[in-house]
Structures are given as structure tokens and as C-alpha cells.
Novice: 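Encoded as C-alpha cells, here's the structure I'll be asking about.
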Amino acid sequence: MDYNKREKAEAKKMGANLHKNSGRGMKKADGSTETFVIDWKFAKKSFTLNKDVWAKVVTDTLMSDREKNPCLIIVLGEGSQTVRLAIVEQAVLEELDTNSHDVV
């Protein structure tokens with residue numbers, strides 16, 4: 001499985017910019033948007049989330065851009081049978097929910 005190609009495709013779908021040489025020292029995390037620094041994880045059937053995984057996402061965000069929020073996107077499955085889940089801090093979700101009321 002070519003993770004670089006999958007990351008590129010996922011970033012394109014959401015209009016995110018990929019980080020050059022992410023994970024190899026130049027810039028941490030996989031990509032970013034205006035609001036989030038994103039780390040994509042791919043799994044066929046399951047993904048284990050724990051404090052260490054989330055801590056790495058947060059640390060990479062802090063090293064990349066302190067003004068943005070960490071976001072972990074998990075892509076489960078392959079091909080047309082994929083489910084994409086975004087994990088953000090609850091405070092960010094609450095802010096997004098509050099701001100959505102201003103748009104309506």
C-alpha cells in the first residue's frame with residue numbers, strides 16, 4: 001500500500017496542503033488546512049486510538065504550527081468501501097457547533 005499516494009489523494013479531496021517530507025524531520029504531520037494540522041492513518045478494518053497516538057498528533061501540530069488545531073483522520077477500509085473519521089478535541093467541536101449557528 002502506497003501511503004504517500006493515499007495521503008495525497010485524501011489531501012486533495014479536502015483541499016489540504018501536504019507537508020513536504022512529513023515524518024522525516026522537515027515538517028511534522030502529514031498536511032494542513034487553514035484551521036488544522038492533519039495526520040492521516042489508514043487501516044483495513046480497525047485502528048487503535050490511545051493517549052500515545054493522540055499525544056503524537058498534538059506534538060506534531062505544536063512543532064508544525066501552534067496557531068492550528070490537531071486533527072487525526074482515520075481512513076478505514078479500501079476502495080469504495082471506506083469510512084473517514086476525523087478526531088479533534090471536544091473544545092474544537094463545540095466551537096464548530098457554536099459557529100455553525102451563526103451561518104444559518
Novice: Verify the cluster assignment for Val75 and Leu18: are they in a single hydrophobic cluster under the rule of side-chain heavy atoms below 4.5 Å apart?
Specialist: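 Yes; Leu18 is reachable from Val75 via cluster members.
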
Novice: Is Lys13 close to Glu10 at the side-chain level, that is, under 4.5 Å between some pair of heavy atoms?
Specialist: yes

Novice: Rounded at 0.5 Å granularity, tell me how far NZ in Lys41 sits from CZ in Arg6.
Specialist: 13.0 Å

Novice: Should Val83 and Tyr3 be counted in the same cluster of Ile, Leu, Val, Met, Phe, Trp and Tyr side chains packed under 4.5 Å apart?
Specialist: no

Novice: With rounding to the nearest 0.5 Å, note down the distance linking CG in Leu96 to OG1 in Thr35.
Specialist: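 The CG atom of Leu96 sits 7.5 Å away from the OG1 atom of Thr35.
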
Novice: I want to check something: taking the side chain as every heavy atom from C-beta on, are Leu62 and Val58 in contact at a cut-off of under 4.5 Å?
Specialist: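 In contact.
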
Novice: Going by an N to O cut-off under 4.0 Å, is there a salt bridge joining Asp60 and Lys56?
Specialist: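 Salt bridge between Asp60 and Lys56, a charged N being under 4.0 Å from a carboxylate O: yes.
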
Novice: In this structure, would Ile38 and Leu93 fall into the same cluster of hydrophobic residues linked by side-chain contacts under 4.5 Å?
Specialist: yes

Novice: Look up atom CZ in Phe47 and atom CG in Leu76, then write down how far apart they are to the nearest 0.5 Å.
Specialist: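 Phe47 CZ to Leu76 CG: 9.0 Å, rounded to 0.5 Å.
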
Novice: Does the side chain of Phe42 come within less than 4.5 Å of Glu7's, by heavy atoms?
Specialist: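 Glu7 reaches Phe42 side chain to side chain.
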
Novice: What's the shortest heavy-atom distance between His19 and Ser64, and which atoms?
Specialist: CE1-OG, 3.4 Å

Novice: How many angstroms lie between CD1 in Ile74 and CG in Leu49, if you round to the nearest 0.5 Å?
Specialist: 6.0 Å

Novice: Test of understanding: clusters of I, L, V, M, F, W, Y form through side-chain heavy atoms closer than 4.5 Å, transitively. Do Leu72 and Leu85 belong to the same one?
Specialist: yes

Novice: Using modelled atom types and a 3.5 Å cut-off, is there a donor and acceptor pairing between side-chain atoms of Lys68 and backbone atoms of Thr61?
Specialist: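 Judged by distance alone, no pair lies under 3.5 Å.
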
Novice: State, with a plain yes or no, whether a side-chain heavy atom of Val88 is found less than 4.5 Å away from one of Cys71.
Specialist: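 A side-chain contact exists here, since the closest heavy-atom pair is under 4.5 Å.
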
Novice: Is the shortest heavy-atom distance from the side chain of Glu89 to the side chain of Trp54 under 4.5 Å?
Specialist: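 Heavy-atom side-chain distance check passes, below 4.5 Å.
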
Novice: Is Phe36 reachable from Met14 through a run of hydrophobic residues whose side-chain heavy atoms are each under 4.5 Å from the next?
Specialist: yes

Novice: Within this structure, what is the CG-CG distance for the pair Asp39 and Asp30, rounded to the nearest 0.5 Å?
Specialist: 4.5 Å

